[in-house]
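Scroll down for the structure; my scribbles are underneath it.
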Amino acid sequence: MASAFPLSPAFLAAFLLALSCFWSLPEFSAAAASGVTRHYRFDIKLKNVTRLCQTKSIVAVNGKFPGPRIIAREGDRILVKVVNHVQNNISLHWHGIRQLQSGWADGPSYITQCPIQTNQSYVYNFTITGQRGTLFWHAHISWLRATVYGPLIILPKHNASYPFPKPHKEVPIIFGEWWKADPEAVIRQALQTGAGPNVSEAYTINGLPGPLYNCSKKDTFRLKVKPGKTYLLRLINAAVNDELFFSIANHSLTVVEADALYVKPFKTDILLITPGQTTNVLLRTKPSYPNATFLMLARPYFTGMGTFDNSTVAGILEYKNPSNPSASTSLKNPPLLKPTLPQINATSFVANFSAKFRSLANSKFPANVPKTVQKRFFFTVGLGTNPCPKNQTCQGPNNSSKFAASFNNISFILPTTALLQSHFFGKSNGVFTTDFPTNPLQPFNYTGTPSNNTNTNVSNGTKAVVLKFNTSVEVVLQGTGILGAESHPVHLHGFNFFVVGQGFGNFNPNKDPASFNLVDPVERNTIGVPSGGWVAIRFLADNPGVWLLHCHFDVHLSWGLRMAWVVQDGKLPNQKLPPPPSDLPKC
């Protein structure tokens, strides 16, 4: 149960071929040059799982926790039939997939689709275009992604190689969070009282909490390696609410990819990964058998004012003994070495680490960052409050309000029908408005210490920004200090973006753009807005549809920290969103 299952390139190739032939032999034969069609079936059912000495029922896919891996190649078409057997409504998001001309498959409930109801099904149909690397899929409704998630691994096209040394084996490592209670009940109670939700009891690596938690030694992820080999670790942060530091004792890691995009390689002993981000690293094992085992640890980075899960998840890296391959160690009790992680609030480390990411920016993998900008936006990102309803006791700030979160002080209210459908059929009246503010309506000292009479109330609405096809866009995301400064991992659906600048304090539009990196900025789909600072991103609106921009802390998402972009069709057929599939769920 606790062993790793590394994937060798040869195994992956054989697996992919077998899977393709099994599911879609005609399509494999007809489309081998441009990609094959891969069929998956995801059955959403309840599953009993025991962690931390307690058994509970969770929502899971195909009886697996974490869920099954999707493995494909660049250019492949993916069809996933999702059948909902539980009482919860469900939808799945293919996090980081561009969804070019397939916006109906993006997955966020009430944005691109109504959720899949009990005993209903929906086929997610999309093609992987121009992407390769590590992504993941997860539920995109309420807090179901606490248990409904899994890796999405995109291999390069046949006869294409990695721009780094070929690894001996590849290993997905996916971080998660575990509650003893039902996460749906946790967020439901928090939204009712207006207070912060109860925090998780543990973090997990590939679903396992590890030996530092009570009753969990047997539930430990173990990565067994050989001396003198290179391993590709595909790191995924699927945690619900926490950014994580990660390190392996006495081993350096070489970062080679972020959010399924290659980066200039750099070495580090410690990395930071936010919810929604993926990072591929090369692990070069020691040249000879070390007669020791090594802890791999992850624990949170946090600067806010609320409570958080201040615990540490551990896995174990252990070497196979070349002289005795059946034994992992030659000592009965080899020393167990432990890495040192930064302080919980090590913002300077996070800033320095984030600044190391650069695109390859070469002829094969260019950095096509927009050099000119047609539309500029300035969004504040932070927490706020809603007044306590009459005749109700609230447990939010000052015990007189409910927590909220917003972009530009607009807290997003989910509609009761899907935005994309209402937009496509020209029936958006009464569903959403297109007057989302391009700048804060009331500028203030965003990162300063709020005064006692600061108005923390947000406005509430279902508002979007309309963009013409192929508009070049710049967004400055400015963190605020209202109710405490903290980092916000912001994810953009439907696009990758270039991180052209970041800094602390208030963004200065007259000075800061002069230092923007327009040569080799990192390209991502999720970026941490610095605690007490700002980040600037650019993207080209070349994908018609309705696309969310939101914080990937689910607690902030639940409080309304999201907005929507409506990208209009272009003039050419391949610049238009096709009609919805016939099985699109209805609200």
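Index from 1, following the sequence.
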- Item | Flag if over 12 foreign heavy atoms under 6.0 Å of NZ, Lys571 | no
- Query: Under a 4.5 Å cut-off applied to non-hydrogen side-chain atoms, are Arg562 and Val490 in contact?
  - Reply: no
- Message: Less than 6.0 angstrom separating the ring centers of Phe126 and Trp94, yes or no?
- Response: yes
- Query: Distance-only, no hydrogens or angles: does the Gln575 side chain make a donor-acceptor pair with backbone N or O of Asp569 under 3.5 Å?
  - Reply: no
- Item | Whether Asn62 side chain and Arg41 backbone form a donor-acceptor pair below 3.5 Å | yes
- Query: Should Thr279 and Glu257 be marked as a side-chain hydrogen bond (donor to acceptor under 3.5 Å, both in side chains) after you check the CA-CA gap, both sets of side-chain angles, and the distance that decides it?
  - Reply: CA-CA 6 Å; Thr279 307; Glu257 180 195 299; over 6 Å; no
- Task: For Lys586, look at atom NZ and say whether over 12 heavy atoms of other residues, nucleotides or ligands are found less than 6.0 Å away.
- Result: no
- Exercise: identify the closest heavy-atom pair between Pro108 and Leu548: CB-CD1, 4.0 Å
- Message: Just to verify, which of Leu414, Leu420, Asp106 counts as forming a side chain to side chain contact (heavy atoms under 4.5 Å, CB included) with Ile111?
- Response: Leu414
- Item | Lys157 with Asp76: basic N within carboxylate O range, under 4.0 Å | no
- Does the pair Gln374 and Thr471 meet the rule for a side-chain hydrogen bond (donor to acceptor under 3.5 Å, both in side chains), with working shown? CA-CA 6 Å; Gln374 294 168 303; Thr471 298; 4.6 Å; no
- Message: With a 3.5 Å distance limit and no angle check, can you tell me whether Asn237 reaches the backbone of Ile174 through a side-chain donor-acceptor pair?
- Response: no
- Task: Walk me through it: do Arg38 and Arg77 pass the test side chain to side chain contact (heavy atoms under 4.5 Å, CB included)?
- Result: CA-CA 6 Å; Arg38 306 191 184 282; Arg77 181 184 175 201; over 6 Å; no
- Query: Should the pair Asp259-Arg524 be classified as a salt bridge under the 4.0 Å nitrogen-to-oxygen rule?
  - Reply: yes
- Nearest heavy-atom neighbours spanning Ala105 and Tyr122: N-OH, 4.3 Å
- Message: Between Phe136 and His138 (judged by ring centroids, cut-off 6.0 Å), do the two rings come close enough to count as a pair?
- Response: yes
- Search all heavy atoms of Trp137 against all heavy atoms of Pro68 and return the closest pair with its distance. NE1-O, 3.1 Å
- Task: Determine the interplanar angle of the His488 and His556 rings, folded into 0 to 90°, and report it as parallel if under 30°, tilted if 30 to 60°, perpendicular if over 60°.
- Result: tilted
- Message: Can you confirm whether Phe353 sits close enough to Leu271 that some side-chain heavy atom of one is under 4.5 Å from a side-chain heavy atom of the other?
- Response: yes
- Message: Run Asn84 and Thr118 through side-chain hydrogen bond (donor to acceptor under 3.5 Å, both in side chains) and show every step you take.
- Response: CA-CA 5 Å; Asn84 186 9; Thr118 306; 4.6 Å; no
- Stepwise side chain to side chain contact (heavy atoms under 4.5 Å, CB included) test for Phe412 and Leu557: CA-CA 9 Å; Phe412 191 90; Leu557 183 63; over 6 Å; no
- Query: Mind checking whether Pro165 and Leu282 have side chains closer than 4.5 Å, heavy atoms only?
  - Reply: yes
- Query: Do side-chain atoms of Asn408 reach the backbone of Thr380 as a donor and acceptor pair under 3.5 angstrom?
  - Reply: yes
- Message: Quick check: do Glu486 and Glu243 have side-chain heavy atoms less than 4.5 Å from each other?
- Response: no
- Message: Quick one about Ser411 and Trp559 (side-chain donor to acceptor, distance below 3.5 Å, no hydrogens or angles considered), yes or no?
- Response: no
- Side chains of Tyr40 and Leu79: does their closest heavy-atom pair fall under 4.5 Å? no
- Query: So, for Phe164 and Tyr162, is the gap between ring centers shorter than 6.0 Å?
  - Reply: yes
- Query: Quick one: do Glu474 and Lys375 make a salt bridge, cutoff under 4.0 Å?
  - Reply: no
- Message: For a quick check under 3.5 Å, do Asn506 and Thr447 share a side-chain donor-acceptor pair by atom type?
- Response: yes
- Query: Under 4.5 Å between any side-chain heavy atoms of Ile236 and Tyr149, yes or no?
  - Reply: no
- Query: With no hydrogens and no angle check, is any side-chain donor or acceptor of His423 less than 3.5 Å from a backbone partner on Val566?
  - Reply: no
- Message: Looking at Val59, is its backbone amide N or carbonyl O close enough to the side chain of Thr147 to form a donor-acceptor pair, meaning the two atoms are under 3.5 Å apart?
- Response: yes
- Item | Minimum heavy-atom distance between Cys587 and Thr417, given as atom pair plus value | SG-CA, 3.7 Å
- Item | Derivation and outcome, side chain to side chain contact (heavy atoms under 4.5 Å, CB included), residues Asn88 and Leu144 | CA-CA 9 Å; Asn88 310 74; Leu144 285 179; 4.0 Å; yes
- Query: Side-chain contact, heavy-atom cut-off 4.5 Å: Ser354 with Gln502?
  - Reply: yes
- Test item: side-chain donor near acceptor, Ser142 and Glu184, under 3.5 Å: yes
- Query: Can Ser109 and Ser91 be said to form a side-chain hydrogen bond (donor to acceptor under 3.5 Å, both in side chains), step by step?
  - Reply: CA-CA 6 Å; Ser109 287; Ser91 70; 2.7 Å; yes
- Task: Indicate, with yes or no, if the rings of Phe436 and Phe379 have centres closer together than 6.0 Å.
- Result: yes
- Query: With distance as the sole test, does Asp554 use its side chain to make a donor-acceptor pair with the main-chain N or O of Trp143 at under 3.5 Å?
  - Reply: no
- Message: Which label fits Trp565 and Phe539: parallel for a plane angle under 30°, tilted from 30 to 60°, or perpendicular past 60°?
- Response: perpendicular
- Test item: Asn89 side-chain N/O and Pro115 main-chain N/O as donor-acceptor pair under 3.5 Å: no
- Assess whether side chain to side chain contact (heavy atoms under 4.5 Å, CB included) is satisfied between Val431 and Thr462, documenting all intermediate values. CA-CA 7 Å; Val431 179; Thr462 309; 5.7 Å; no
- Message: Donor-acceptor pair, distance only, cut-off 3.5 Å: does the side chain of Gln131 make one with the backbone of Ile128?
- Response: no
- Query: Would His552 and His95 count as a ring pair (Phe, Tyr, Trp, His ring centres under 6.0 Å) if you check the C-alpha gap in whole Å, the side-chain angles of each, and the deciding distance to 0.1 Å?
  - Reply: CA-CA 11 Å; His552 222 276; His95 185 108; 4.9 Å; yes
- Note on the structure: Smallest heavy-atom separation, Ile90 atom then Ile141 atom, equals CA-CG2, 4.0 Å
- Between His85 and Asp43, a side-chain donor and acceptor under 3.5 Å: yes
- Tyr124 and its side-chain hydrogen bond (donor to acceptor under 3.5 Å, both in side chains) partner, picked from Gln113, Gln99, Lys81: Gln113
- Note on the structure: One should read off an interatomic distance between Leu577 CG and Asn543 CG, to the nearest 0.5 angstrom, of 8.5 Å
- Query: When the aromatic ring centroids of His493 and His550 are compared, is their separation below 6.0 Å?
  - Reply: yes
- Is any side-chain heavy atom of Leu261 less than 4.5 Å from a side-chain heavy atom of Asn496? yes
- Donor-acceptor pair, Gln478 side chain versus Gly505 backbone, under 3.5 Å? yes
- Message: Does Trp104 form a ring pair (Phe, Tyr, Trp, His ring centres under 6.0 Å) with Phe424? I'd like the steps, not just the answer.
- Response: CA-CA 11 Å; Trp104 305 105; Phe424 185 86; 5.5 Å; yes
- Note on the structure: In terms of heavy-atom contacts, Pro544 and Phe469 come closest through CD-CE1, 3.8 Å
